[in-house]
Amino acid sequence: MSKKSSNLKSSTELDLKRKFLAELILMDDIFMRVVLKDVKCTEFILQTILEKPELRVKSQSIQSDLKNLEGRSLVLDCLCTDKKGTIYNIELQNDSLGASPKRARYHSGLIDMNISKKGKSFDYLPESYVIFICGRDVLKGNKQIYHISRIIKESGEEFPDQTNIIYLNTSKSSSNDLGKLIEDFYTVDPKKMHSKILAKRVSKLKIAENLEKGDEKAMTTYYDRLKKQWKKEGTEEGMAKGMAKGMAKGMAKGLAEGLEKSEDTMAKLMGILVEEGRIDDLAKASKDKSYRKSLLKEFQLI
């Protein structure tokens with residue numbers, strides 16, 4: 001390959017990666033983790049979900065590895081504490097299976113296990129919140145947000161163990177502050193975001209040159225993983241052409257062309273997922289037949 005051809009190929013690949021970055025939204029899990037490295041963004045999201053404008057994050061860790069020597073360990077998307085010592089675990093879950101009630105229970109228990117100190121009274125355990133930001137209504141109650149805590153059945157009073165679980169259903173819109181936050185989660189153009197804090201961070205990260213070394217590696221790994229998947233499905237050519245017009249539309253086109261032309265319902269499904277910003281579901285549907293079927297049922301296409 002000539003040097004000119006090599007440079008051209010490199011330039012094309014760079015353009016595709018820039019398009020990839022430009023079309024990312026906060027509901028893309030890896031991008032959300034990079035955004036949350038800015039404590040002000042984490043703080044704003046917690047303030048809005050919990051309706052606590054006074055909340056201030058003292059410290060945080062992205063992708064914290066919590067060990068369980070006797071069983072399954074966990075890597076948490078974001079683990080942080082406020083100035084009062086309250087602990088918060090924020091998890092982005094586009095897949096319903098990753099946000100099951102028993103998973104929430106395990107998150108809460110493992111957090112307690114990792115912060116409890118030998119010889120210390122259990123009364124010193126701080127209040128904790130496990131917050132699942134979900135791409136769909138996992139609990140199927142048609143609510144925008146669910147607050148879960150233990151209740152004493154006989155009295156109806158709250159059991160004061162100070163463990164809290166919250167599910168945010170981003171598939172339900174509204175005009176309140178929570179609804180505006182959800183809109184920001186799906187907004188591609190940071191100039192159209194409601195939150196100036198999130199917009200500033202997202203705008204910066206969508207310029208490849210502004211990515212820190214670790215963040216750039218994470219984004220490149222994510223891009224390469226998706227590209228490899230599309231290639232395996234025989235849709236890379238459609239994806240590459242489509243990305244010139246926008247990452248989301250390119251994915252829909254590439255995946256649709258990889259399916260049989262007669263399957264109109266599949267094309268409709270891809271279009272719906274793109275419109276709703278459910279890119280992770282789109283990727284998973286391309287290789288998992290049973291998952292595609294569940295999505296078709298969800299949108300009443302079969």
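Quick caveat, the model's predicted, so the values are computed rather than measured.
Closest heavy-atom contact between C78 and T42: SG-CG2, 4.0 Å. Of all non-hydrogen atoms in C134 and T170, the two that sit nearest each other are O-OG1, 2.6 Å. Scanning both residues, Q144 and G179, for their nearest heavy atoms gives NE2-CA, 3.9 Å. The minimum heavy-atom distance linking G141 with Y146 is given by the pair N-OH, 2.8 Å. Scanning both residues, F31 and I25, for their nearest heavy atoms gives CD2-O, 3.4 Å. Nearest heavy atoms, Q47 versus L55: NE2-O, 2.9 Å.
Side-chain contact between V138 and N169: absent, with no pair of heavy atoms (C-beta onward) separated by less than 4.5 Å. A 4.5 Å side-chain heavy-atom check between F122 and D161 finds every atom pair outside the cut-off. Taking the side chain as every heavy atom from C-beta outward, K143 and Y167 never approach each other to under 4.5 Å. At a threshold of 4.5 Å between non-hydrogen side-chain atoms, the residues L181 and H194 do not count as touching. When side chains are defined from C-beta on, I131 counts as touching L46, because their heavy atoms get closer than 4.5 Å. Under the 4.5 Å side-chain criterion, counting only non-hydrogen atoms from C-beta, L198 is in contact with C41. Contact of the M27 side chain with the N94 side chain is registered, since non-hydrogen atoms from C-beta on lie closer than 4.5 Å. Counting only heavy atoms from C-beta outward, the side chains of S61 and L76 never approach each other to under 4.5 Å.
A donor-acceptor contact shorter than 3.5 Å is absent between the side chain of Y129 and the backbone of L50. Not one N or O on the side chain of D177 forms a donor-acceptor pair closer than 3.5 Å with the backbone of T48. Between the side chain of N114 and the main chain of L66, no donor-acceptor pair closer than 3.5 Å is present. Put simply, the side chain of D137 never gets that close to the backbone of S171: no donor and acceptor are under 3.5 Å apart. Here the side chain of Q60 pairs a donor or acceptor atom with the backbone of L36 at under 3.5 angstrom. Without hydrogens or angle criteria, T81 side chain to I87 main chain gives no donor-acceptor distance under 3.5 Å. Without hydrogens or angle criteria, K84 side chain to E127 main chain gives no donor-acceptor distance under 3.5 Å. In this structure, D28 contributes its side chain and I30 its backbone to no donor-acceptor pair below 3.5 Å. Using a distance-only test at 3.5 Å, with no hydrogens or angles considered, a donor-acceptor pair links the side chain of R201 to the main chain of V34. A donor-acceptor pair is defined here as one N or O able to donate and one able to accept, closer than 3.5 Å; no such pair exists between the side chain of E157 and the backbone of I152.
One finds the OG atom of S174 at 9.5 Å from the NZ atom of K180 (value rounded to the nearest 0.5 Å). In this structure, CD on Q63 lies 12.5 Å from CG on L79, to the nearest 0.5 angstrom. Atom CD1 of residue I165 and atom NE2 of residue H147 lie 12.5 Å apart, to the nearest 0.5 angstrom. To the nearest 0.5 Å, the span separating CZ on R33 from CG on D77 amounts to 4.5 Å. Residue H107 holds its NE2 atom at 4.5 Å from CZ of F132, rounded to the nearest 0.5 Å. Between the CD1 atom in I49 and the CZ atom in F44 there is a gap of 10.0 Å [rounded to 0.5 Å].
Partner S108 forms a side-chain contact (heavy atoms from CB on, under 4.5 Å) with one of N89, V130, N164 and no other, that one being V130.
Residue pairs meeting the salt bridge (charged side-chain N to carboxylate O under 4.0 Å, His left out) criterion with at least one partner in residues 38-50, sequence neighbours excluded, do not occur; the list is empty.
Dense packing is recorded around CD of E54, with more than 12 heavy atoms of other residues, nucleotides or ligands lying under 6.0 Å away. Residue-environment remark: NZ (K83) stays at or below the threshold of 12 foreign heavy atoms within 6.0 Å.
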Going through the distances and angles, do V202 and D184 end up as a side-chain contact (heavy atoms from CB on, under 4.5 Å)?
-> CA-CA 10 Å; V202 170; D184 283 353; over 6 Å; no

Can you check side-chain contact (heavy atoms from CB on, under 4.5 Å) on L26 and L92, steps first, answer last?
-> CA-CA 9 Å; L26 289 171; L92 182 64; over 6 Å; no

Show your working on side-chain contact (heavy atoms from CB on, under 4.5 Å) between I182 and L168 and close with a plain yes or no.
-> CA-CA 9 Å; I182 289 173; L168 177 62; 4.1 Å; yes

So R56 and D82, side-chain contact (heavy atoms from CB on, under 4.5 Å) or not? Walk me through it.
-> CA-CA 5 Å; R56 295 291 180 272; D82 65 15; 5.8 Å; no

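A continuous path of Ile, Leu, Val, Met, Phe, Trp and Tyr side chains, each step under 4.5 Å between heavy atoms, connects V39 with V35, placing both in one hydrophobic cluster.
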